[in-house]
J.: 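First the structure, which I've put down as structure tokens, then a few questions once you've had a look.
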Amino acid sequence: MARSRRDRERGRAGAVVEEVDSGTAELAPDPERARAWTLLIDGAPQSHVDLDDPGYLSFAYQRRLGHVIDLVAPPQRPVHVVHLGGGAFTLARYTAATRPRSTQQIAELDAALVRFVRTHLPLDPGARIRVRSTDARAALGKVPDGWADLVIADVFGGTRTPAHLTSAEFLADVRRALSPEGWYAANIADGPPLAHLRGQIATAASAFERLALAADPAVLRGRRFGNAVLLAGDRELPVAELTRRVASDPHPGRVEHGRGLTDFSGGAAVVTDAEAKASPSPPAGTFPG
């Protein structure tokens, strides 16, 4: 039975619900923060935003990406950032709050989701953030050579990263768009036996000289499904400081790098466009309803 307009706009306990291109979008209010919301797509948590405090990051993986944003350049220095995947624009808001005058581009394929988020969680009109409703790889192809200080890939079609955003050819275009000192950071979701994650590490290692991986120890041990943040670049990575920050988070994580990360990848093959597959779906019960 079709939902009424009122049902579409107001969900349980004050949530805002609307059908978007990728499924059912819901903004659920945070009971502990007055103007904070969690974005869910088909029940799967995607982003958390506090409109009063955009420097607050609730999700563990977003905190780890926040550390990358903090460390990519000296504090307060404006940077150029490409966000592949928009969600609720959490990381773009964080960058604008912590690095004023930064210039940012967001690519989000789901145009209805973009409108939904803009309506209910409006961006600061003074922030230099441009949002494009287009495919992430197509948007990346339009970024000028060497423009970006940071490219962040956090793209999910539902609960899976599309195959064409997991390949060596995709990373070659990321590298083209990055400045010589720039970094690539990706949110990767996987579970046992971690074949997808290992393949993504091997693929990034074929494109960049230095890598680091931050994740919950239980995820790295293959005990549960979860998120890992992969950081890659050609200049020295601030591994010691990243390790300290990740270990000090409310949900402490571990950082692997160097030989340890090579051993973790276990000789996985580089992923090409011809063999690329979407990331695995989370098992039933990963996101309790």
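Quantities reported herein were computed from a predicted structural model and do not represent experimental measurements.
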J.: So does Arg101 get a backbone contact from the side chain of Arg128, meaning a donor-acceptor N/O pair under 3.5 Å?
T.: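 Checked: pair present.
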J.: So, does Ser279 use its side chain to make a donor-acceptor pair with the main chain of Thr161 at under 3.5 Å?
T.: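 Looks like yes, one N/O pair under 3.5 Å.
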J.: Quick check against the 3.5 Å criterion: does Asp110 have a side-chain atom that pairs as donor or acceptor with the backbone of Asp21?
T.: yes
J.: Taking the side chain from Asp42 and the backbone from Thr24, do they hold a donor-acceptor pair closer than 3.5 Å?
T.: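 Such a contact is found between Asp42 side chain and Thr24 backbone.
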J.: Does Arg245 have any side-chain hydrogen bond (donor to acceptor under 3.5 Å, both in side chains) partners at least two apart in sequence or in another chain, and if so, which?
T.: Asp70, Glu241
J.: Does the Thr203 side chain pair with the main chain of Val271, one donor and one acceptor, at a distance under 3.5 Å?
T.: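 Yes, because the side chain of Thr203 sits within donor-acceptor range (under 3.5 Å) of the backbone of Val271.
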J.: Residues two or more places apart in sequence or in another chain: which of them pass side-chain contact (heavy atoms from CB on, under 4.5 Å) with Arg132?
T.: Gln105, Arg130, Thr134, Lys142
J.: Hey, what do you get for OG (Ser22) to CG (Leu109), rounding to the nearest 0.5 Å?
T.: 8.5 Å
J.: Any Lys/Arg nitrogen of Glu256 or Arg254 sitting under 4.0 Å from an Asp/Glu carboxylate oxygen of the other?
T.: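 Yes.
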J.: Which residues pass the side-chain hydrogen bond (donor to acceptor under 3.5 Å, both in side chains) test with Asp190, sequence neighbours left out?
T.: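 Counting only residues at least two positions away or on another chain, Asp190 forms no side-chain hydrogen bond (donor to acceptor under 3.5 Å, both in side chains).
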J.: With heavy-atom distances below 4.5 Å as the criterion, would you say the side chains of Leu213 and Val229 are in contact?
T.: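 They are not in contact (no side-chain heavy atoms under 4.5 Å apart), so the answer is no.
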J.: Answer whether the closest heavy-atom distance between the side chains of Arg224 and Val219 falls below 4.5 Å.
T.: yes
J.: Just by modelled atom types, is the Ile69 backbone N or O under 3.5 Å from a matching donor or acceptor in the Arg99 side chain?
T.: yes
J.: Contact between Leu121 and Leu27 at the side-chain level, heavy atoms closer than 4.5 Å - yes or no?
T.: yes
J.: Does Leu237 reach the side chain of His257, with side-chain heavy atoms less than 4.5 Å apart?
T.: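 No, side chains not in contact.
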J.: Check whether more than 12 heavy atoms from other residues, nucleotides or ligands sit under 6.0 Å from atom CZ of Arg223, and answer yes or no.
T.: no
J.: Are side-chain heavy atoms of Asp149 and Glu181 found at a separation under 4.5 Å?
T.: no
J.: For His48, enumerate each residue passing the side-chain hydrogen bond (donor to acceptor under 3.5 Å, both in side chains) test, keeping only those at least two apart in sequence or located in another chain.
T.: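 Listed in chain order: Asp30.
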J.: Would Leu150 end up clustered with Ile188 when hydrophobic side chains under 4.5 Å apart are linked, directly or stepwise?
T.: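 No; Ile188 is not reachable from Leu150 via cluster members.
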J.: Does the side chain of Tyr94 come within less than 4.5 Å of Pro54's, by heavy atoms?
T.: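 With C-beta onward as the side chain, the pair stays apart.
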J.: So, does Arg35 use its side chain to make a donor-acceptor pair with the main chain of Pro29 at under 3.5 Å?
T.: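 No, Arg35 side chain to Pro29 backbone: no donor-acceptor pair under 3.5 Å.
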J.: Check the hydrophobic clustering (I, L, V, M, F, W, Y; side-chain heavy atoms under 4.5 Å; chains of links allowed) and say if Phe89 and Leu39 are grouped together.
T.: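 Phe89 and Leu39: one cluster.
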J.: For Arg33, which of Asp53, Val49, Asp52 qualifies under side-chain contact (heavy atoms from CB on, under 4.5 Å)?
T.: Asp53
J.: By ring pair (Phe, Tyr, Trp, His ring centres under 6.0 Å), which residues pair with His80, not counting sequence neighbours?
T.: Trp147
J.: When you measure from the side chain of Asp234 to the backbone N and O of Glu209, does any donor-acceptor pair fall under 3.5 Å?
T.: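 Between the backbone of Glu209 and the side chain of Asp234 there is a qualifying donor-acceptor contact (under 3.5 Å).
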J.: Can you name the residues that form a side-chain hydrogen bond (donor to acceptor under 3.5 Å, both in side chains) with Arg198, not counting sequence neighbours?
T.: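 Listed in chain order: nothing, the list is empty.
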J.: Could you see if Leu91 belongs to whatever hydrophobic cluster contains Leu231? Use Ile, Leu, Val, Met, Phe, Trp, Tyr and a side-chain cutoff under 4.5 Å.
T.: yes
J.: Within a strict 4.5 Å, meaning less than it, do heavy atoms of the Ile41 and Phe156 side chains meet?
T.: no
J.: Between Arg137 and Asp273, is there a salt bridge with N-O shorter than 4.0 Å?
T.: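 Looking at Asp273 and Arg137, the cut-off is met.
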J.: Please state whether the rings of Tyr184 and Phe208 are parallel, tilted or perpendicular, taking 30° and 60° as the class boundaries.
T.: parallel
J.: Evaluate side-chain contact (heavy atoms from CB on, under 4.5 Å) for Val131 paired with Arg118, printing each intermediate quantity in order.
T.: CA-CA 10 Å; Val131 185; Arg118 280 187 176 279; 3.4 Å; yes
J.: Taking the side chain as C-beta and beyond, is there a heavy-atom pair between Leu230 and Leu211 under 4.5 Å?
T.: yes
J.: Any side-chain to backbone donor/acceptor pair from Ser167 onto Phe170? Under 3.5 Å, distance only.
T.: yes
J.: Treating Ile, Leu, Val, Met, Phe, Trp and Tyr as nodes and any side-chain heavy-atom pair under 4.5 angstrom as an edge, say whether Leu65 and Val246 lie in one connected cluster.
T.: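 Yes, Leu65 connects to Val246 through the hydrophobic network.
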